[in-house]
Amino acid sequence: MLKDLLKKSRSIRRFYEEDEVPEEMIRDWVDNARYTPSTANGQTLKFRICTSQEDKEIIFPNLKWAGALPDWDGPEPGERPAAYVLIFDDLSLAKNRPVDTGICAQTIMLSAAEAGYGGCILASVNRPEVMRGLGIDQERYALALVLAIGRPKETVMLVPVGEDGSTKYYRDPDGIHYVPKRGLDEILI
């Protein structure tokens, strides 16, 4: 059921790094994104799948992982993503709308969750360094998002927003990650 898949598709920030994600599987997830709606049917997004150790070593140090957890610098060795999907705007085509990027990112994340994997959509990225390191033409492409993907090594729990109204995610001493969500009655106008 779609609602169960949506609840399962949480931002995962710690992975079983040694568990590779088959590139053919990731290609299929990107293919799913190809079928999503696109503003004016522009289809301006391009994707790069990164599974090599060399690519991962270029990407990882240029990511910021959890703004709400200021004392956490990101996954430790052994807990880092097994793969990345980079989403680019192709500047040679019609102007992309950010909504297209979000739809594609969510489609890939839902595809990963359906297959038993998890991921994190990262917008806080040192784009020039990633593109330079990977040899991507910065005149032709603009890096929109980085999707970190792997086998989840953490538990993420959805909880109701507390009386203080805070939606800030947090972890308990056992490393369980909690994500407060507003109730349906709170979001309906």
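For this chain, numbers begin at 1 and follow the sequence in order.
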- Asp172 side chain to Asp174 backbone, donor-acceptor under 3.5 Å: yes
- Query: Do Leu91 and Tyr141 come within less than 4.5 Å of each other through their side chains, counting heavy atoms only?
  - Reply: no
- Message: Testing the 3.5 Å rule here: is there a donor-acceptor pair between the side chains of Gln43 and Ser38?
- Response: no
- Task: Tell me whether the guanidinium CZ or amine NZ of Arg151 lies under 6.0 angstrom from the six-membered ring centre of Tyr117 and within 45° of its axis.
- Result: yes
- Are Arg13 and Glu79 within salt-bridge range, i.e. N to O under 4.0 Å? no
- Item | Euclidean distance, Leu145 CG relative to Ser124 OG, rounded to 0.5 Å | 11.5 Å
- Note on the structure: In this structure, CH2 of Trp29 is separated from CG of Leu110 (nearest 0.5 Å) by 11.5 Å
- Under 3.5 Å, is there a donor-acceptor pair between the side chain of Glu186 and the main chain of Gly183? yes
- Message: Counting only heavy atoms from other residues, nucleotides and ligands, does the tally under 6.0 Å from CD of Glu20 exceed 12?
- Response: no
- For residues Gly150 and Val21, report the shortest heavy-atom separation together with the two atoms involved. CA-CG2, 4.0 Å
- Task: State whether Trp65 and Arg14 meet the cation-pi test: NZ (Lys) or CZ (Arg) under 6.0 Å from the six-membered ring centroid, and within 45° of the perpendicular axis.
- Result: no
- Item | Nearest heavy-atom neighbours spanning Pro152 and Gly116 | CD-O, 3.7 Å
- Is there a donor-acceptor contact under 3.5 Å linking the side chains of Asp90 and Ser92? yes
- Candidates Arg171, Lys8, Arg10 - the one meeting side chain to side chain contact (heavy atoms under 4.5 Å, CB included) with Val156: Arg10
- How long is the span from the CG atom in Leu134 to the SG atom in Cys50, to the nearest 0.5 Å? 5.0 Å
- Message: For Ile103, is there any backbone N or O sitting under 3.5 Å from a side-chain donor or acceptor partner on Thr107?
- Response: yes
- Passes side chain to side chain contact (heavy atoms under 4.5 Å, CB included), Val159 versus Val179? Steps please. CA-CA 6 Å; Val159 295; Val179 180; over 6 Å; no
- Message: Under a 4.0 Å threshold between the charged nitrogen and the carboxylate oxygen, would Asp31 count as salt-bridged to Arg34?
- Response: yes
- Message: I'd like to know if the side chain of Lys56 and the backbone of Ala82 have a donor-acceptor N/O pair within less than 3.5 Å.
- Response: yes
- Work out which heavy atom in Gly67 is nearest to a heavy atom in Tyr169; give both atom names and the distance. N-OH, 3.3 Å
- Non-hydrogen atoms of Gly118 and Ile12 that approach each other most closely: CA-CG1, 4.0 Å
- Task: Apply the test side chain to side chain contact (heavy atoms under 4.5 Å, CB included) to residues Tyr84 and Leu63: give CA-CA distance (whole Å), side-chain angles for both, the deciding distance (0.1 Å), then the verdict.
- Result: CA-CA 11 Å; Tyr84 296 96; Leu63 303 174; 3.6 Å; yes
- Atom CD of Glu114 with >12 non-hydrogen neighbours under 6.0 angstrom: no
- Message: Pairing donors with acceptors under 3.5 angstrom, does anything connect the side chains of Asp100 and Thr39?
- Response: yes
- Looking only at non-hydrogen atoms, find the nearest pair between Ile58 and Asn62 and report the distance. O-ND2, 2.8 Å
- Query: What are the two closest non-hydrogen atoms of Leu143 and Arg127, and how far apart are they?
  - Reply: O-NE, 2.7 Å
- Begin from the C-alpha positions of Leu122 and Lys64 and carry the test side chain to side chain contact (heavy atoms under 4.5 Å, CB included) through to its verdict. CA-CA 8 Å; Leu122 296 150; Lys64 296 216 189 302; over 6 Å; no
- Query: Under 3.5 Å, side chain of Ser9 to main-chain N/O of Leu6, donor-acceptor pair present?
  - Reply: no
- Message: Any carboxylate oxygen within less than 4.0 angstrom of a Lys/Arg side-chain nitrogen, looking at Arg48 and Asp55?
- Response: yes
- Message: If I take atom NZ from residue Lys46 and atom CD1 from residue Ile136, how far apart are they, to the nearest 0.5 angstrom?
- Response: 11.5 Å
- Rounded to the nearest 0.5 angstrom, the CD1-CD1 distance for Ile121 and Ile87 is 7.5 Å
- Query: Could you state the interatomic distance from OG (Ser111) to CG (Asp28), rounded to the nearest 0.5 Å?
  - Reply: 7.0 Å
